[in-house]
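Note sheet for the following structure.
Order of the sequence lines sets the chain letters (A, B, ...), proteins ahead of strands, with each chain counted from 1.
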Amino acid sequence: MPDPLLTVHDFSIVYDVDPPVKAVKNVTLELQRGEILGLAGESGCGKTTLAYGLQRLLRAPAVIASGSVTFHDASGVDIDVNALNVEEMRRFRWDKISMVFQGAMNALNPVTTIGAQLDDVFRVHRPDLSRRERRAACEELLELVAVGRERIRSFPHELSGGMRQRVMIAMALALRPQLMVMVMDEPTTALDVLVQREILSQISMLRHEFGFSVIFITHDLPLLLEISDRIAVMRGGEIIELAPAREIWEHPQHEYTKTLLASFPRLTGERGVLVR
Amino acid sequence: MTTLEFVNVSKRYRVRGASTMLALDDVSFTLHDRETIALVGQSGSGKSTIAKILTQLETPTSGEVLLNGKPIPRHGRGLRSYRQTLRMIFQDPFASLNPYHSIRYHIERPLRLDNVVPQNETETEVRRLLERVRLDADAVIDRRPHELSGGQRQRVAIARALASRPSLLIADEPVSMLDVSIRLGVLHLLADLQREEGLGVLYITHDLATARHFSDQIMVLHQGRVVEHGPADDVILNPQHEYTRELRSASPDPEKHFATASTRPQGGVA
C-alpha cells in the first residue's frame, strides 16, 4: 500500500551560466515511507545536484527551474518545500530530512570535540532541552552508532575513518528525521569493504527501528542492488529507469542500465564473461 | 625473463619516536614477467608499503628484494636502471600528471631520460605510445591534462609508464578514480598490454571482483601478513583463510544476493 513520504514532480535544476546547463531535467518520483531508494549514475549525471536541490541546498548560479517537492510529514501535514521561507527552511532541514555528506569522514570540524558538534544540532533545533538532556542525547547517539559514549570528548583526528563516518550518521539521526540522504560517492575517501558493510547493516537496522527512509547515492551499482528497495538510474540529468532492485538486476529496460550493470565484473559468476 | 622476489620482507615504522608499528611481517612472493598478481586487503593492510618498497621509496627493516636474483641497488645508475625495469601507475590521474605540461612532454621525459629511442625519433615514439593506449595522438598530444577526461588521463599515465619499456608494472588502484562505465575499458587495456608486451603486473586493489577477473594469482594481505596466496579463482571461489572469507562476503555479489534473498531486500545485512 503506497504511503509516500516525498513526492517530487517535474523537478528541474538549471545552472544559470552561459550557456545554461540543465543539470536535473523534469524528475518525477515518489519515495515511500521506510523505503531505501538507490540513486545510481556516473559523475556529472546530476544525482548530487538532485539530492541537494531537494532540500534547496544549492546556491546561485543553480536555479530550481520547475517542479515541486512535497514532503508528507508524519503528522499528516503536506509541506511544499519550495514554498518555505528562510526560517521555515532552516527548521525543516535536519529535522525532517538530514544528510550524510560526500566525504563524510572529513566533514567534521577538526578543532572541536565530536560531542560539541553533536550538541550543536540540539542547541539549534531543540532549544528547550537542558544541558543535561542534550548531553544524554549525544551519548545515546554515540551508543546507537556503536562509537561509544566514552568518545564524546574525542576530537575527529582521534577516531578512525569508519568511526568518523558513524559520527556523521549519528549527527544525521539526531533529530529522528523521516528521511536521510546519504551521499557515498567519493572514491578517495572510500572506506574499505568490511567497514562499509558494517555501517550499511547498521543503517538498515536503524531504519527498521526508527522507520525512516533513505536515499542512497553512489555509483556502486552492485552495492545498491543489495541494499535498496528500488533503484533510480540517472544519466544526463534524467531518471532513465526506476524500478525495484530485483527488476533492475533481472530485467533492466534501458540500454544504459545494461551498460552500467555490465561494467561490474561478477564476483562469483562465470569467469569467461569478461575475459575476451 | 624478469623475476622480482620479495624474500621474508618485514617493515617496521617508528611511531612518534618510542613505539613501532609492524607494517609488513615476513612477506615473501615472486613476480615474473608475463603474469599478473593482484594484491588485495583493507586499508592499513600494508599494500602501499609493498609498493613503496618496490619503488625504493622505503627500505625493508629486514629481508631482501631481489631482481633476477640480485639485490636492488640503492642509488646511482643501478637504481635508475631498476626503475626503468619497474614502472608505476598511480591511483589518481588528476594528481599524477603535471598540469603545466602538455601530454607530449609527459611522454617525452622518460624517453629522453632513459634514452629509449634516438632523439629524432622521439616524436614518432610519443605518438606510437599514445596510439598504443588507444588515444588519438593528433587529438591529445598538444593538450594539457585538464583538457582530458579521467579515462584519457589514466591512459596517458599508462603510456608514460610504458615509455621506458619496463618489464614490470605496479598498478596501484588504477581505476578507482574513474567513472564506472570506463573502468573495464582501462582494465582491458592493461590486460591486453600485459599480454602483448609480456609484462609482469602487480595489481593493487580492494576490489575482489576485478582482482579475480584480471589476475592470474591473488595475494591477500591482512595486518602486514600474506594470509592467502593462490590462483585467482581458487582464492575467490574457495577461500581458505577466515579473513578472505570475510572480505568475500562483504563484497557486493548481486547474483548470490538475488538467488538467496526473499522478494523484499532486507538491506545490507552482512
Please classify the contact of [X] with chain A as side chain, backbone, both or neither, using a heavy-atom distance under 4.5 Å.
X	result
B:Y243	side chain
B:I236	side chain
B:L208	both

Inset, instruction - Determine, for B:E196 against B:R132, whether the closest basic-nitrogen to carboxylate-oxygen distance falls under 4.0 angstrom. - result: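 Salt bridge between B:E196 and B:R132, a charged N being under 4.0 Å from a carboxylate O: yes.
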Inset, instruction - Flag this pair as yes if the NZ/CZ of B:K11 is under 6.0 angstrom from the six-membered ring centre of B:Y13 and inside a 45 degree cone about the axis; otherwise no. - result: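 Checked: cation-pi criterion met.
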Inset, instruction - Report yes or no: is the cationic atom of A:R207 (NZ for Lys, CZ for Arg) closer than 6.0 Å to the six-membered ring centre of A:F212, at no more than 45° off its axis? - result: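 Cation-pi check for A:R207 and A:F212: fails.
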Inset, instruction - Assess whether atom CZ of B:R144 is packed by more than 12 heavy atoms of other residues, nucleotides or ligands within 6.0 Å. - result: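 Count not over threshold, so no.
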Inset, instruction - Please look at A:L223 and chain B and tell me whether the side chain, the backbone, both or neither of the residue comes under 4.5 angstrom of a heavy atom of that chain. - result: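 Both parts, backbone and side chain.
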